[in-house]
There are 2 protein chains.
Amino acid sequence: MPMKHDIAQRLSQYRSVLYKLKALGFVRVFSDNLGDALEISPALVRKDFSTFSLTGNKRGGYRIDDLLDKLNRLLGKDKVQRIIIVGCGKIGQALMSYSGFTREGIQVVAGFDSNAAVIAPQASIPILDIKELKTYVKREGIRIAIVAVPDNSASHVFDLLRAAEIKGILNFAPVPLKGAEGCVVRNINIGLELENLFYLVRFAGKVPPQPAARPAG
Amino acid sequence: MPMKHDIAQRLSQYRSVLYKLKALGFVRVFSDNLGDALEISPALVRKDFSTFSLTGNKRGGYRIDDLLDKLNRLLGKDKVQRIIIVGCGKIGQALMSYSGFTREGIQVVAGFDSNAAVIAPQASIPILDIKELKTYVKREGIRIAIVAVPDNSASHVFDLLRAAEIKGILNFAPVPLKGAEGCVVRNINIGLELENLFYLVRFAGKVPPQPAARPAG
DNA sequence: GAAGATATGTGAATCGTTTCACAACAACGA
DNA sequence: TCGTTGTTGTGAAACGATTCACATATCTTC
Ligand SMILES: NC(=O)c1ccc[n+]([C@@H]2O[C@H](COP(=O)([O-])OP(=O)(O)OC[C@H]3O[C@@H](n4cnc5c(N)ncnc54)[C@H](O)[C@@H]3O)[C@@H](O)[C@H]2O)c1
Ligand SMILES: NC(=O)c1ccc[n+]([C@@H]2O[C@H](COP(=O)([O-])OP(=O)(O)OC[C@H]3O[C@@H](n4cnc5c(N)ncnc54)[C@H](O)[C@@H]3O)[C@@H](O)[C@H]2O)c1
């Protein structure tokens with residue numbers, strides 16, 4: 001139950017940085033290097049590694065290959081992760097044809113849509129009728145889905161995915177789906193990110209949450 | 001300097017929920033209602049409001065219209081926010097044609113690209129040559145940009161935006177751009193979100209950060 | 001092989017955020 | 001008018017995450 005809210009995120013980031021360092025010819029890293037790269041303190045890097053028993057050497061830091069092996073295993077990078085995309089509109093199709101996933105060991109194996117004009121079972125990544133969702137998910141053992149349907153279909157699609165016993169959802173509809181027993185949800189709300197950015201920019205430097213000068217007293 | 005890292009995010013979420021309640025005919029809300037909606041405690045809702053001097057009534061809760069007025073002002077929703085998109089490929093174009101932004105008072109006023117085949121200065125949302133970026137940004141007083149260029153162009157584009165004195169960036173390239181003096185950056189890394197989801201799903205319920213049973217002793 | 005230099009690994013201290021708990025107050029009913 | 005009810009507003013407590021600080025291990029050099 002106690003889940004450090006973004007240590008896993010950092011693990012992925014360490015991994016990404018480590019690959020870059022490795023490509024540059026480095027063999028070892030120090031907690032300072034990783035701290036600089038992620039803009040966190042070296043102590044936190046060490047704490048994180050310690051949490052997952054990623055050990056180094058009291059002098060020469062950490063062996064990059066060693067860290068990468070362990071991180072890859074920890075993050076499930078030793079096998080290709082297969083996902084589906086529900087809603088093959090603008091966002092959905094952009095994601096389906098995104099080559100960056102492959103590099104990360106993520107494979108989009110199918111799309112699903114309710115619009116007959118979009119369905120294309122013979123495409124290299126087949127787009128199937130949403131009615132086939134449950135059968136497909138069960139047969140192929142899919143655990144993760146991306147939701148990219150219009151806002152007003154999102155909660156219906158959410159129910160379908162739950163019925164198909166999907167274990168994790170990445171949701172692009174600006175309708176916060178609430179995680180439920182046995183199904184983790186992460187919401188990506190681009191509008192919200194922008195609003196946040198406006199706010200941050202507006203109050204950059206200035207007194208941010210203006211606690212309203214107390215009426216003299 | 002001390003910046004509560006996601007209180008602004010919550011402010012936007014309150015706003016969104018309040019509009020839904022209003023549409024349903026509600027006039028007042030209680031901290032409990034908002035707490036339920038955002039899956040946070042009512043106490044935090046009250047603390048947040050208190051921080052921004054959003055006051056309610058000791059019995060009948062908060063007046064929705066009142067909250068919305070104040071939140072809108074606080075979040076800069078009283079005027080349309082004008083943004084640009086750099087990199088008009090798959091993601092960039094999906095965002096340019098996304099109608100959801102308009103609803104939120106966000107207007108994409110131009111796109112920029114380096115590929116002549118994509119440039120279209122006469123389109124309803126013009127796509128201009130990246131060379132015109134600085135001039136345009138200064139002339140139009142643009143403060144926020146979305147970056148949707150390929151990974152290896154990201155940091156170059158970042159420099160161009162900084163030179164144009166852009167104040168905030170929403171970055172889709174999986175290359176963590178580091179915020180700098182006078183420029184806030186938010187990175188959206190979809191691959192990272194997916195990896196995180198895999199991790200969460202893999203360890204759902206089970207012992208998560210396996211602290212490696214100590215060697216008897 | 002001892003001395004010095006340098007990084008890790010981690011318990012304790014710190015810091016920021018969230019929750020608790022309750023006084024203060026508004027509305028309502030008798 | 002006065003008690004009862006229900007909700008806010010907020011100091012203080014609890015909690016969780018991060019940083020500090022240092023003992024400990026390893027490498028390097030003489
Ligand atoms: N396009 C963007 O840039 C953008 C940005 C932020 C958020 N979003 C959000 O992402 C979601 C998708 O946006 P989009 O622009 O790709 O929309 P879109 O209209 O282009 O695509 C939606 C697709 O979902 C399909 N669909 C509708 N109901 C369905 C159902 N019940 N089952 C299966 N498929 C169904 C439609 O046929 C369509 O192909 C929306 O919720 C939108 O708010 C989009
Ligand atoms: N497509 C996706 O689903 C997806 C998902 C996650 C992340 N991303 C990331 O988003 C970014 C864009 O992805 P995409 O699929 O839209 O790529 P894309 O190749 O379709 O589009 C990139 C656009 O940027 C333009 N460009 C290149 N260099 C430029 C420069 N120096 N100045 C201005 N414009 C320039 C190109 O001409 C092209 O139009 C990439 O970094 C990618 O990793 C994309």
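Proteins get letters first, then strands, A, B, ... in listed order; numbering begins at 1 in each. Please read these numbers as outputs of a predicted model, since none were measured by experiment.
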With a 4.0 Å limit, can you tell me whether A:Tyr62 has a side-chain N or O closer than that to the phosphate oxygens OP1/OP2 of C:dG9?
yes

Once you measure the plane-to-plane angle for A:Phe203 and A:Tyr199, does it fall in the parallel (<30°), tilted (30-60°) or perpendicular (>60°) bin?
tilted

Distance test, side-chain N/O of B:Ser50 to OP1/OP2 of D:dG9, below 4.0 Å:
no

Answer with base, sugar-phosphate or nothing: what part of the nucleic acid does A:Gly60 contact at a heavy-atom distance below 4.0 Å?
nothing

Which residue lies more 5' along DNA chain D, comparing B:Lys47 with B:Val29 via nearest heavy atoms
B:Val29

Would you say B:Ser41 places a side-chain N or O within less than 4.0 Å of OP1 or OP2 belonging to C:dT18?
no

Nearest to the A:Ala43 side chain among C:dG9, D:dT19, C:dC20, which nucleotide is it?
D:dT19

With no angle test and no hydrogens, is the base of C:dA5 tied to the side chain of A:Arg59 by a donor-acceptor pair under 3.5 Å?
yes

Ignoring backbone atoms, test whether A:Arg28 places a side-chain nitrogen or oxygen under 4.0 Å from the OP1 or OP2 oxygen of C:dT6.
no

Can you tell me if A:Asn196 uses its side chain to pair, donor with acceptor, with the backbone of A:Leu192 under 3.5 Å?
no

Closest nucleotide of DNA chain C for B:Arg46 versus for A:Gly56: which of these residues is on the 5' side?
A:Gly56

Out of C:dG9, C:dT19, C:dA26, which nucleotide sits closest to the side chain of B:Leu44?
C:dT19

Do the two ring centres, one from B:Phe49 and one from B:Tyr62, sit under 6.0 Å apart?
yes

Between the base of D:dT26 and the side chain of A:Lys58, is there any donor-acceptor pair under 3.5 Å?
no

Determine, step by step, whether B:Asn171 and B:Arg186 satisfy the side-chain contact (heavy atoms from CB on, under 4.5 Å) criterion, reporting the C-alpha distance in whole Å, the side-chain angles of both residues, the deciding distance to 0.1 Å, and the verdict.
CA-CA 6 Å; B:Asn171 171 40; B:Arg186 288 185 75 90; over 6 Å; no

